[in-house]
There are 2 protein chains.
Amino acid sequence: MSRQTLSDATRAALVEAAVVEFAAHGFEGASTRAIATRAGVHQPQINYHFASKADLWRAAVDSLFAELAVETRAATLGTTTQRATLEATIRAFVRHAARRPELNRIMVRESGAPSERLTWLADSHVRTAFADVSALWESLRRRGEVVDTDALTAFYLMIGGGTLLYTNSPEARLISGCEPTEPDRIEAHADTLVALLFRDVAPRPTTRRAVRETRPSPRSTTTSSRRRS
Amino acid sequence: MSRQTLSDATRAALVEAAVVEFAAHGFEGASTRAIATRAGVHQPQINYHFASKADLWRAAVDSLFAELAVETRAATLGTTTQRATLEATIRAFVRHAARRPELNRIMVRESGAPSERLTWLADSHVRTAFADVSALWESLRRRGEVVDTDALTAFYLMIGGGTLLYTNSPEARLISGCEPTEPDRIEAHADTLVALLFRDVAPRPTTRRAVRETRPSPRSTTTSSRRRS
DNA sequence: GTCTATACCGAGATAGAC
DNA sequence: GTCTATCTCGGTATAGAC
């Protein structure tokens, strides 16, 4: 609708193509030609819609964080306790990482060395996310509801433990022959991570969202862990 | 000693420089010029000592895995039970990740998309590592000594949870102002990870290696977690 | 073994017709 | 807004003197 629809469409196509290419090959490794080809447009179009390759990269990252925010928001809307909020956040985060590994692939590529891009990432997205989780964590920690660790350690434990299987899924496939994104496996993974971080988790004390569509077959290699009596 | 010492020295310097550059910028992002400059030699020397950039990259990765193997071997030598072996492995792994984040930075850059390099990585290093940990894990799991999760999930939970704080340390510094590699913080991190994965961890049931040199000051932001009575 | 010089290619970005 | 053609730069790798 409205004017400029066609232009917006190619812009959106470029952003999505950029997400895929940057996640797979990194900023330097991804070529604007490959991005344009994937988007079905010609290479100079990139410099028409974006000021530079770096500008396209930022648009791609913004898009990925927006997606994550939408899902996290939806998952935490019904929660009433801090504990339920954190648990819902973790579950949404793991599911998102599995479905959209591109976000964490880009993050991990950029977070290992100081750079303009990393500074921008920290300023635009990561610092506030850490502040939010940190406040939640420390509050729960004071009440003894979560494991006794500082928020920084907990933050990277959650992210690393909750995403590496998906950011590294091509590697995981090669070494195990398993498919990491199999739905039951994702749920079991989220269950495990939640069970690890919360102390004395009751069988399932929180908003167990209706999202989980099927989950019929009892997994063989995977056993949903609801540990500790 | 012996002949060829000088040649070996520049070769070693190139490998170490390659480790740093590849970890910081990725395979495509790192330039052979920058590697040569860092090693203090001229760029064409690379193609004299190595067949190609890819060949240098493999040498750098081999070197990093060799370092890890040495430390893991040393840490597990005295252990008598499987439980002690796994715990010592995890502690050695976390310490290594903190001191040598380059290994995990390179790994995570390559493991997100199929490629010749990833295939080589899986064949040369990762598959056997996973097989070893997997056997250990499943055995302990059958005896109820660790959390009830499949080996693949556990493998990536350990690696992701144990390393992301260090692979992403530049990001962590930006968002928290803390120094992730502060020794007490590393130990607390290892303590937490071990406590999470083992069920009902007794205060400290294993070979606590004499390596930990000092550790005097009681940390403020970090409380070494030896949880669960 | 190490240097200088350079070939060769693919990258990002721009010019200007349509 | 989108195309074709092209500029410029930085990359890896090689040639050949020392």
Side-chain angles (χ1 to χ4, degrees), chain A residues 1-62 106 109-110 113 115-118 120, chain B residues 1-61 106 109-110 113 115-117 120:
Chain A
M1 41 218 71
S2 91
R3 63 193 171 78
Q4 236 178 356
T5 297
L6 215 158
S7 180
D8 288 356
T10 77
R11 201 193 136 95
L14 279 170
V15 168
E16 178 55 26
V19 161
V20 175
E21 292 290 324
F22 283 132
H25 304 114
F27 181 78
E28 293 96 345
S31 78
T32 56
R33 294 182 207 270
I35 294 170
T37 300
R38 179 177 291 274
V41 305
H42 289 99
Q43 187 256 350
Q45 292 288 83
I46 287 178
N47 289 95
Y48 176 79
H49 289 281
F50 302 90
S52 65
K53 186 186 183 184
D55 194 43
L56 172 58
W57 180 86
R58 283 189 289 269
V61 172
D62 280 340
I106 290 178
R109 280 180 186 280
E110 301 296 338
S115 73
E116 254 186 45
R117 290 194 300 281
L118 178 55
W120 178 87
Chain B
M1 42 224 73
S2 88
R3 63 196 172 78
Q4 236 177 358
T5 297
L6 215 158
S7 179
D8 287 357
T10 77
R11 202 194 136 95
L14 279 170
V15 168
E16 178 56 26
V19 161
V20 175
E21 292 291 322
F22 284 132
H25 305 113
F27 181 79
E28 293 96 345
S31 79
T32 56
R33 290 182 211 272
I35 293 170
T37 300
R38 177 178 292 274
V41 304
H42 290 98
Q43 188 257 350
Q45 291 289 82
I46 287 178
N47 289 96
Y48 176 80
H49 289 280
F50 302 91
S52 66
K53 186 186 183 184
D55 194 43
L56 172 57
W57 180 86
R58 283 189 291 270
V61 172
I106 290 179
R109 281 179 186 281
E110 301 297 337
S115 73
E116 255 186 45
R117 289 194 300 281
W120 178 87

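Chain A is the first sequence line, chain B the second, and so forth, proteins listed ahead of strands; every chain is numbered from 1.
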A/Pro44, nearest nucleotide to its side chain (from D/dC3, D/dT14, D/dG1):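 Selected nucleotide (nearest to the side chain): D/dC3.
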
Could you list by number each residue of residues 46-55 of chain A showing a heavy-atom separation from DNA chain C of less than 4.0 Å, or answer none if no residue does?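 A/Asn47, A/Ser52, A/Lys53, in order of number.
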
Quick one, which residues of residues 15-37 of chain A touch DNA chain C with a heavy atom under 4.0 Å?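 By residue number: A/Ala30, A/Ser31, A/Thr32, A/Arg33.
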
Using a strict 4.0 Å threshold on nitrogen-to-oxygen distance, state whether B/Arg58 and B/Asp55 make a salt bridge.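 Answer for the salt bridge query: yes.
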
In sequence, state the C-alpha distance, the side-chain angles, and the governing distance for B/Phe22 and B/Val61, and then conclude on side-chain contact (heavy atoms from CB on, under 4.5 Å). CA-CA 10 Å; B/Phe22 284 132; B/Val61 172; over 6 Å; no

Given A/Thr32, which of A/Ile46, A/Thr37, A/Leu14, A/Leu56 fulfils the side chain to side chain contact (heavy atoms under 4.5 Å, CB included) condition?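 Running side chain to side chain contact (heavy atoms under 4.5 Å, CB included) over A/Ile46, A/Thr37, A/Leu14, A/Leu56 with A/Thr32 returns exactly one hit, A/Ile46.
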
Can you tell me how far C1' of D/dA15 sits from CD of B/Gln43, to the nearest Å?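 Going from CD in B/Gln43 over to C1' in D/dA15 covers 13 Å.
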
Can you list every salt bridge (Lys or Arg N to Asp or Glu O under 4.0 Å) pair that touches residues 14-26 of chain A, not counting sequence neighbours?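 For residues 14-26 of chain A: A/Glu16-A/Arg100, A/Glu21-A/Arg38.
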
According to salt bridge (charged side-chain N to carboxylate O under 4.0 Å, His left out), who are the partners of A/Arg117, at least two apart in sequence or on a separate chain?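 For A/Arg117, the residues satisfying salt bridge (charged side-chain N to carboxylate O under 4.0 Å, His left out) (neighbours in sequence not counted) are A/Glu28, A/Glu110.
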
In chain order, what residues pass the salt bridge (charged side-chain N to carboxylate O under 4.0 Å, His left out) check against A/Asp62, with sequence neighbours excluded?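 By the salt bridge (charged side-chain N to carboxylate O under 4.0 Å, His left out) rule, A/Asp62 matches no residue at all.
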
Could you tell me which residues satisfy side chain to side chain contact (heavy atoms under 4.5 Å, CB included) with B/Ala12, sequence neighbours excluded, listed by chain and number?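 Expected list: none.
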
Can any side-chain N or O of B/Arg33 pair as donor or acceptor with the backbone N or O of B/Gln43 at less than 3.5 Å?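 No, because the side chain of B/Arg33 does not come within donor-acceptor range (under 3.5 Å) of the backbone of B/Gln43.
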
